[in-house]
Amino acid sequence: MKVKRLRETRENLDLKQVDLIDLFGVTYSTISGWETGKDTIPLKQLIKYANKYNYSLDYLLGLTDTNTEYKKLDIDLSVLASNLKKKRKQYKKTQQQVADIINTSQSSYAHYENARYLMPLNFLYNLSKIYKDFSVDEILGRKKI
């Protein structure tokens, strides 16, 4: 999965890939893979980037064309789980229906709603196909400044 604006925002900040290598502690080929979409950046790494350079996750993912400023985010699985469940119930979906759309099993999806695991970035992104008013920032509990 390609993060639509990772390269663009890096270049707008006058950063080189080597600067991200230092930030993330990964190799040049990893950064290149993230920017081309060959590899998917882990959610925790994308949050680190968003926190450091004041970008919304929704903006980086291309879910919105406006960069809303948010407070720095520390992942809280219980907040994510609660928000996932609320959103699913708001749209009257079963766990199985959501799991089918994001291409996982119902039991795996249940782990996300039960705060056992952090949902992968591509699954979070795919939720935008289900929910019209979906925000990755908000589902993770990120607060606007």
Side-chain angles (χ1 to χ4, degrees), residues 1-10 13 15 17 19-145:
M1 179 192 141
K2 183 176 179 181
V3 175
K4 186 175 180 181
R5 293 192 174 100
L6 184 61
R7 181 177 180 174
E8 173 190 325
T9 57
R10 174 183 59 78
L13 293 164
L15 297 173
Q17 286 183 332
D19 298 313
L20 296 187
I21 290 168
D22 293 339
L23 174 67
F24 297 129
V26 298
T27 64
Y28 173 83
S29 62
T30 299
I31 300 295
S32 180
W34 292 346
E35 288 187 349
T36 62
K38 179 182 175 207
D39 300 308
T40 300
I41 185 172
L43 179 58
K44 287 183 179 183
Q45 297 286 44
L46 187 61
I47 290 169
K48 184 186 292 188
Y49 181 82
N51 282 343
K52 181 166 179 73
Y53 298 110
N54 298 315
Y55 284 109
S56 80
L57 298 168
D58 295 330
Y59 180 75
L60 291 169
L61 293 168
L63 296 175
T64 182
D65 291 329
T66 305
N67 183 41
T68 303
E69 289 192 44
Y70 285 90
K71 294 180 181 178
K72 298 205 182 308
L73 174 68
D74 290 317
I75 297 171
D76 183 334
L77 290 181
S78 63
V79 170
L80 173 60
S82 174
N83 289 340
L84 286 171
K85 188 179 285 188
K86 283 180 197 172
K87 187 63 74 175
R88 179 178 58 79
K89 289 184 176 204
Q90 175 188 347
Y91 278 80
K92 298 180 171 96
K93 299 282 185 193
T94 65
Q95 285 184 344
Q96 185 64 58
Q97 289 171 318
V98 173
D100 289 345
I101 293 168
I102 66 171
N103 199 25
T104 192
S105 67
Q106 181 276 327
S107 61
S108 290
Y109 181 78
H111 289 307
Y112 307 131
E113 280 196 9
N114 291 316
R116 291 201 176 131
Y117 300 115
L118 178 61
M119 183 178 268
L121 181 61
N122 60 328
F123 288 177
L124 277 172
Y125 178 80
N126 286 340
L127 289 175
S128 68
K129 296 175 184 175
I130 304 171
Y131 310 127
K132 296 177 206 169
D133 58 343
F134 187 75
S135 165
V136 173
D137 289 292
E138 291 175 13
I139 206 90
L140 288 167
R142 204 166 181 205
K143 305 290 183 199
K144 292 181 183 179
I145 292 179

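These numbers come from the heavy atoms of this one structure, side chains and all, not from hydrogens, waters or symmetry mates. Along the sequence shown, residues carry numbers from 1.
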Quick check: closest heavy atoms across [X] and [Y], and the distance to 0.1 Å?
X: Leu73; Y: Leu140; answer: CD1-O, 3.6 Å
X: Ile102; Y: Met119; answer: CD1-CE, 4.1 Å
X: Val79; Y: Gly141; answer: CG1-CA, 3.7 Å

Give, for atom [atom1] of [X] and atom [atom2] of [Y], the distance between the pair rounded to the nearest 0.5 Å.
X: Leu118; Y: Tyr112; atom1: CG; atom2: OH; value: 8.5 Å
X: Ile130; Y: Ile101; atom1: CD1; atom2: CD1; value: 4.0 Å
X: Lys86; Y: Ser82; atom1: NZ; atom2: OG; value: 4.0 Å
X: Trp34; Y: Leu46; atom1: CH2; atom2: CG; value: 9.0 Å
X: Arg142; Y: Ser56; atom1: CZ; atom2: OG; value: 7.0 Å
X: Thr27; Y: Ile31; atom1: OG1; atom2: CD1; value: 7.5 Å

Is the ring pair Tyr131/Tyr91 parallel, tilted or perpendicular, if the boundaries are 30 and 60 degrees?
tilted

Please check this pair: side chain of [X] against backbone of [Y], looking for a donor-acceptor N/O pair closer than 3.5 Å.
X: Asn67; Y: Asn54; answer: yes
X: Thr36; Y: Ser32; answer: yes
X: Ser128; Y: Phe134; answer: no
X: Gln97; Y: Thr94; answer: yes

Can you confirm whether Ile41 sits close enough to Leu121 that some side-chain heavy atom of one is under 4.5 Å from a side-chain heavy atom of the other?
yes

Is the shortest heavy-atom distance from the side chain of Leu57 to the side chain of Leu124 under 4.5 Å?
no

Counting only heavy atoms not in [X] (residues, nucleotides, ligands), do more than 12 fall under 6.0 Å from its [atom1]?
X: Lys72; atom1: NZ; answer: yes
X: Lys4; atom1: NZ; answer: no
X: Tyr55; atom1: OH; answer: yes
X: Asp74; atom1: CG; answer: no
X: Arg5; atom1: CZ; answer: yes

Got a sec, which residues hit side chain to side chain donor-acceptor pair (under 3.5 Å) with Asn122, two or more places apart in sequence or on another chain?
none

Applying side-chain contact (heavy atoms from CB on, under 4.5 Å) to Val136 and Leu61, what does each step give before you reach the verdict?
CA-CA 9 Å; Val136 173; Leu61 293 168; 3.7 Å; yes

Working note: Leu23 + Tyr53, criterion side-chain contact (heavy atoms from CB on, under 4.5 Å); need CA distance, chi angles, decisive distance, verdict.
CA-CA 11 Å; Leu23 174 67; Tyr53 298 110; 4.1 Å; yes

Is there a donor in the side chain of [X] and an acceptor in the side chain of [Y], or the other way round, less than 3.5 Å apart?
X: Thr9; Y: Tyr49; answer: yes
X: Tyr109; Y: Gln95; answer: no
X: Asp58; Y: Thr64; answer: no

Let me see the working for Asn126 and Asn103 under side-chain contact (heavy atoms from CB on, under 4.5 Å), right down to the final yes or no.
CA-CA 9 Å; Asn126 286 340; Asn103 199 25; 5.6 Å; no

Return the set of residues passing salt bridge (charged side-chain N to carboxylate O under 4.0 Å, His left out) with Arg116 (not counting sequence neighbours), or none when no residue passes.
none

Salt bridge (charged side-chain N to carboxylate O under 4.0 Å, His left out) partners of Lys87, counting only residues at least two apart:
Asp133

Trace of the side-chain contact (heavy atoms from CB on, under 4.5 Å) decision for Leu20 with Glu35:
CA-CA 11 Å; Leu20 296 187; Glu35 288 187 349; 4.2 Å; yes

